[in-house]
Amino acid sequence: AQSVTQLGSHVSVSEGALVLLRCNYSSSVPPYLFWYVQYPNQGLQLLLKYTTGATLVKGINGFEAEFKKSETSFHLTKPSAHMSDAAEYFCAVTRRVNNNDMRFGAGTRLTVKP
Amino acid sequence: DAGVTQSPTHLIKTRGQQVTLRCSPKSGHDTVSWYQQALGQGPQFIFQYYEEEERQRGNFPDRFSGHQFPNYSSELNVNALLLGDSALYLCASTPIGNISFTGELFFGEGSRLTVL
């Protein structure tokens with residue numbers, strides 16, 4: 001079975017600083033990996049995804065993530081944090097052949113200080 | 001293009017009662033998944049429906065049941081409610097066709113259930 005571990009339940013950065021949210025995965029087959037964002041009282045919105053091909057993937061709002069098979073990691077980064085980035089971020093994994101049991105991490109709450 | 005819609009948005013029940021939550025998938029999607037998100041936690045997979053049948057189930061008791069209708073909409077039913085069932089229940093849809101499959105789930109805004 002696949003799973004993800006998000007390191008750090010809370011991350012706080014200053015506006016304009018680098019954002020780094022960590023995610024490690026476990027999967028017995030090549031994975032599909034995702035980062036979702038959740039704003040208060042809302043559902044989850046896809047930020048970016050890795051399926052096949054280029055290991056550095058770019059998403060919305062200036063976020064990007066790199067799939068590193070050797071490290072089983074899929075960390076999320078953004079060069080310069082904005083106040084509007086404050087939200088809960090979830091890493092998720094599913095198997096290639098279907099998505100009927102996508103597994104989410106526990107989430108990382110990002111706070112951006114002015 | 002309507003996204004995933006869920007109803008009701010909020011509801012309060014007491015222990016032992018039953019609840020039904022509803023979901024309409026995004027246009028063009030035929031597969032619906034349900035997730036439970038407890039406060040401060042990530043979403044936990046409950047089950048997925050395709051072609052009106054349950055395809056896969058997570059680690060949830062039989063008190064949790066579902067249904068999918070011919071128009072692809074879905075219901076989640078929870079019987080004999082416990083305090084621990086208080087959570088945000090999320091519905092997500094996806095197209096199942098192999099050509100368009102990317103694994104991405106499209107989420108609704110959820111139904112927040114409070115059990116007193």
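Order of the sequence lines fixes the chain letters, A, B, ..., with proteins taken first and strands second; residue numbering starts at 1 for each chain.
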Open item on the list: Quick check on Leu88(B) against chain A: is it the side chain, the backbone, both or neither that has a heavy atom closer than 4.5 Å?
Closed with: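 When you check distances to chain A, only side chain atoms of Leu88(B) fall under 4.5 Å.
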
Task: Contact class of Gln6(B) relative to chain A, heavy atoms under 4.5 angstrom - done: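 Neither the backbone nor the side chain of Gln6(B) comes within 4.5 Å of chain A.
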
Task: Arg63(B) atom CZ: more than 12 heavy-atom contacts under 6.0 Å - done: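 Correct, the count exceeds 12.
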
Task: Crowding at CZ, Phe67(A) (>12 non-hydrogen neighbours, <6.0 Å) - done: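 Yes.
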
Transitive ILVMFWY side-chain link [X] to [Y], under 4.5 Å:
X        : Y         : result
Tyr89(A) : Met83(A)  : yes
Phe47(B) : Val4(B)   : no
Leu39(B) : Phe60(B)  : no
Tyr25(A) : Leu7(A)   : no
Ile46(B) : Phe106(B) : no

Open item on the list: Looking at every non-hydrogen atom in both residues, tell me the closest pair between Phe90(A) and Gln37(B) and how far apart they are.
Closed with: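 In terms of heavy atoms, the two residues are closest at CZ-NE2, 3.2 Å.
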
Task: Residue, of Pro43(B), Gly40(B), Gly110(B), Ala92(B), that accumulates the most heavy atom pairs under 4.5 Å with chain A - done: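 Maximum pair count with chain A is reached by Pro43(B).
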
Open item on the list: Would the distance check show the side chain of Tyr36(A) and the main-chain N or O of Phe107(B) forming a donor-acceptor pair, the cut-off being under 3.5 Å?
Closed with: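 Answer holds: no.
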
Task: CE-CD distance between Met102(A) and Gln56(B), expressed to the nearest 0.5 angstrom - done: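 It comes to 13.0 Å.
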
Task: Point-to-point distance, once rounded to the nearest 0.5 Å, from CG of Leu105(B) to CZ of Phe104(A) - done: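 Reported to 0.5 Å precision, the distance equals 6.0 Å.
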
Check each atom of [X] against the heavy atoms of chain B and say whether the ones under 4.5 Å are side chain, backbone, both or neither.
X         : answer
Gln38(A)  : side chain
Leu44(A)  : both
Arg103(A) : side chain

